[in-house]
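Accompanying notes for the structure given below.
These numbers come from a predicted model, not from an experiment. Chain letters run A, B, ... following the sequence lines, proteins first, then strands; residues in each count from 1.
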Amino acid sequence: MVAPFDLDSLNPQQREAVMWPGGPLQIFAGAGSGKTRVITYRIARLIQDGVNPSRILAVTFTNKAAKEMRERLESLLGGKVRSLWLGTFHSLCARMLRIDGEKIGLSPEFVIYDDGEQLAIVKDILKRMAIDEKSLQPRAALNEISRAKEQMLDPTKYEEQASGYLQRMVAGIYPEYQTRLARANALDFDDILYHAVRLLERAPEVLEKYQDRFMHVLIDEYQDVNFTQYRFAQLISAKHRNITIVGDDDQSIYAWRGADVSLMLRFSSDHKDAKVITLGQNYRSTKVILQAAADVIQHNRGRAEKELWTENEAGRPISVTEAGTDEEEAMIVADAVLKAVRSGRRKYGEFGVLYRTNAQSRAVEEAFLTMRIPHILVGGQRFYERREIKDILGYLRVILNPLDEASIKRTINTPTRGLGAGSIGLFDEWSRARGLAWWDAIREQSVQSQLPKRALHGLQQFVGLVEEGRDMMQDNSVTEMLEYVMARSGYLDSLKQDRSEDSISRLENLQELVRVTQQYDETADEPSLFGFLEQIALIADTDQIEETGEAVTLMTLHSSKGLEYPVVFLIGMEEGVFPHSRAIGNEIELEEERRLCYVGMTRAREELHLLHSRRRSMYGSANFNRRSRFLDDVDLSESDSLVPQKQPQAPFRDLRQDRTGGYAVTLVETPKPKGPAWKPPFTVGERVQHAKFGIGVVISCSPVKGNDAEVTVAFPGVTGVKKLIQSFAKLETV
DNA sequence: CCGATCCAAGTTTTT
DNA sequence: CTTGGATCGG
């Protein structure tokens, strides 16, 4: 049989990984080493060699990765591979629980509670238990519960081992938290994994069924698995022992949410006969970029020793640029993008701008807006986390499952129906006192009789809406249900009344949600409200992002993992920003920051530009940050800059330096520059008027002879960036 | 009960 | 600076 794919195009290590017959296999896949290709080829090869696709289990980190992999496989094999189990840990485990969860007492119809709902429950419990949110932050408690589930600790076991203030407090809420979920027939994200493992451990016949079935198990991004996922992988592959794991410890950047690299690094000791293959050739980046990334990562201890090399050309030098302010930093990026695009060398889609925190995107967005640079912003406020979206979906969830207490609470008085804290408290009391579900409690005659008139009317509205919705469910599309809910709840009207910018954007988002359901109704095999809600519960926004190719991408370093751009700007290379202030002083966290830096740098194919700013506004006040230690790791003897650099000055050297290494210092007074007072005619970012070019934005001002100023101004459109001498140009502030 | 106003706090994020 | 929560007056 002729190979449907091109093995000759692979290097020896890649080929070995693809062809390796079976048994435990660990693939160390460095950045840009063709990892995805290897996994896809390996699956295709197995199928081609006669393994039934239904007997392969492949796990990816995101839904997007799963989707892409399936598409690649289908094009390699020239047909659908629907029976292949391919997805994220969560989607696969959820699937398993829907099929077999009953054997450990789970209803197959459970709903999935997301982060927001989890948090709401914790807050609610805290309030009920009269615990001040200051003494126990809901977020911290939730994290701790999550950690517990990742360790497979149920509330009882958790309490036994709890020590310290936080854990003892959490031991008090964890049981109640689980009770609430159970009452709503809901699982949170961690429960999905937890119960899947429990299912395999407690139900021998189920374990055997899946162990038999999955002859081959492949897991990508193994450096980011947590203990439950590890356990799941171990259990399910124990029979045939054909488990392939792929990962790169240098790219482990999710320890803060429970991922544990050591689970990957112990693979060889778990499996004495494990075959280890290292993919060391990088096909993505230039030598210069790869070297810089290596310079940074080599400072970490305890990494698996391996080196990445490339046959690519040396390429252009790294650039390091110091900007005066964060706005200027953004303008420099915008300017560089514009120059390259205008010269015809680049398209907008070839640039990625990466930063440590979402807040940093603002300055860049503003600069791009003024310079008319098309861009897409990844992350930030996520679509499905937006209030209006959650509210409306909340209605749909109540209709689907009236036991969903969190969703009832969310929607019952949204928009306001006169059901305030008093009424809510009453319902709560009733449901607790008689062990009634909320949905039943609110419909009790004796409860309703205690309500004020207005509240009663509101409640009847709400109950009527839900009941009618339940009747409609069978015969209406998801879109129709959505439109029904938006209209009948009065949600649309209340938004339309208010003409604020905020409401307009909320209406637009709901419009977008309608498009999502329309799409779903058209494409799903058997569209249903249940199916729709399930799908979006497990899907992330980033999964939806399409590469349009015509826009610069702005995103955090974390979301850049797995992506690549010909030109990468890494902005905010400052102590306190990157590495983040919370990591400074903590060696473990600093190592994770360094890996994050490594990830960011290795996203670049041809050009890497590192920027930092002397002054940065954070939370409304000015910060003067030393440049990032990561810059000190890199050999910059060959580096250049995006704009001519001012003489390095040290006006801040006398600032207090922290003993751990000196970092972000908030300055109270503005430092006095030394030397004769030259006053820039404009501030950076200021809008100015030019006789011929019109209105532009000041990028920088520098002194020239005769107490004159050279002003660099960005004008929109074809004019672009101009350097102007103030005495001739006569720029005026607008 | 609800809207206005004041105040404190502030990574990263997938599922 | 922004946002979410708490508090206060109508």
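No contact: A/Asn143 has no heavy atom under 4.0 Å from any strand.
As a whole-Å value, the separation of A/Leu554 CG from B/dT12 P is 15 Å. Taking atom CG of A/Leu142 as the reference point, atom P of B/dT14 lies 16 Å away to the nearest angstrom. Between A/Arg594 atom CZ and B/dT12 atom C1' there is a gap of 17 Å when expressed in whole angstrom units. As rounded to whole Å, 15 Å separates atom P of B/dT11 from atom CD1 of A/Ile584. Atom CG in A/Leu193 sits roughly 8 Å away from atom C1' in B/dT15 (whole-Å rounding). Atom CD in A/Gln360 sits about 12 Å away from atom P in B/dT11, given to the nearest Å. For the pair A/Asp188 CG and B/dT13 C1', the interatomic distance rounds to 16 Å; values are reported in whole Å. Across the protein-nucleic acid pair, A/Ile588 atom CD1 and B/dT12 atom P stand 22 Å apart, rounded to whole Å.
Listed nucleotides B/dT15, B/dT12, C/dG5 differ in distance to A/His90; the shortest reach to its side chain belongs to B/dT15. In this structure, of B/dT15, B/dT11, B/dG10, it is B/dT11 that holds the atom nearest to the side chain of A/Arg356. Nearest to the side-chain atoms of A/Thr62 among the listed nucleotides B/dT13, B/dT15, B/dC1 stands B/dT15. Listed candidates were C/dG5, B/dT15, B/dT13. Nearest to the side chain of A/Phe189 is B/dT15. Comparing B/dT11, B/dC1, B/dG10 by their closest approach to the side chain of A/Thr357 singles out B/dT11. Nearest to the side chain of A/Lys123, among B/dT14, B/dT12, C/dG5, sits C/dG5.
Taking for each of A/Glu589 and A/Leu419 the nucleotide of DNA chain B with the nearest heavy atom, the 5'-most of the two is the partner of A/Leu419. Each of A/Ile253 and A/Thr88 was matched to the nucleotide of DNA chain B holding its nearest heavy atom; the match closer to the 5' end belongs to A/Ile253.
Taking the ring centroids of A/His612 and A/Phe578, they lie at or beyond the 6.0 Å cut-off. Side-chain rings of A/Phe232 and A/Phe227 stay apart, their centers remaining 6.0 Å or farther from each other.
With rounding to the nearest 0.5 Å, the separation of CG in A/Asp191 from CD1 in A/Ile145 is 10.0 Å. Summarising the geometry, atom CG belonging to A/Leu465 is positioned 6.5 Å from atom OG belonging to A/Ser489; distances are rounded to the nearest 0.5 Å.
A stacking contact links A/Trp256 to B/dT12: the aromatic ring centre lies within less than 5.5 Å of the base's six-membered ring centre, and the planes differ by less than 30°. Taking the 5.5 Å centre cut-off and the 30° plane limit, the aromatic side chain of A/His558 is not classed as stacked on B/dT12.
Within 3.5 Å, no donor on the side chain of A/Arg582 pairs with an acceptor on the base of B/dT11, nor the reverse.
Within the 4.0 Å cut-off from OP1 or OP2 of B/dG10, not a single side-chain nitrogen or oxygen of A/Asn358 is found. Phosphate proximity of B/dT13 to A/Lys561: absent, as no side-chain N or O sits under 4.0 Å from OP1 or OP2. In terms of phosphate contacts, A/Arg362 brings a side-chain nitrogen or oxygen within less than 4.0 Å of OP1 or OP2 of C/dT2. Between A/Ser423 and B/dC1 there is a side-chain polar atom (N or O) within less than 4.0 angstrom of OP1 or OP2. At the phosphate of B/dC1, neither OP1 nor OP2 sits under 4.0 Å from any side-chain N or O atom of A/Thr416.
A/Glu574 has no carboxylate O lying under 4.0 Å from a charged side-chain N of A/Arg615, or vice versa, which leaves the two without a salt bridge.
A donor atom on one side chain and an acceptor atom on the other are found under 3.5 Å apart for A/Asp188 and A/Tyr177.
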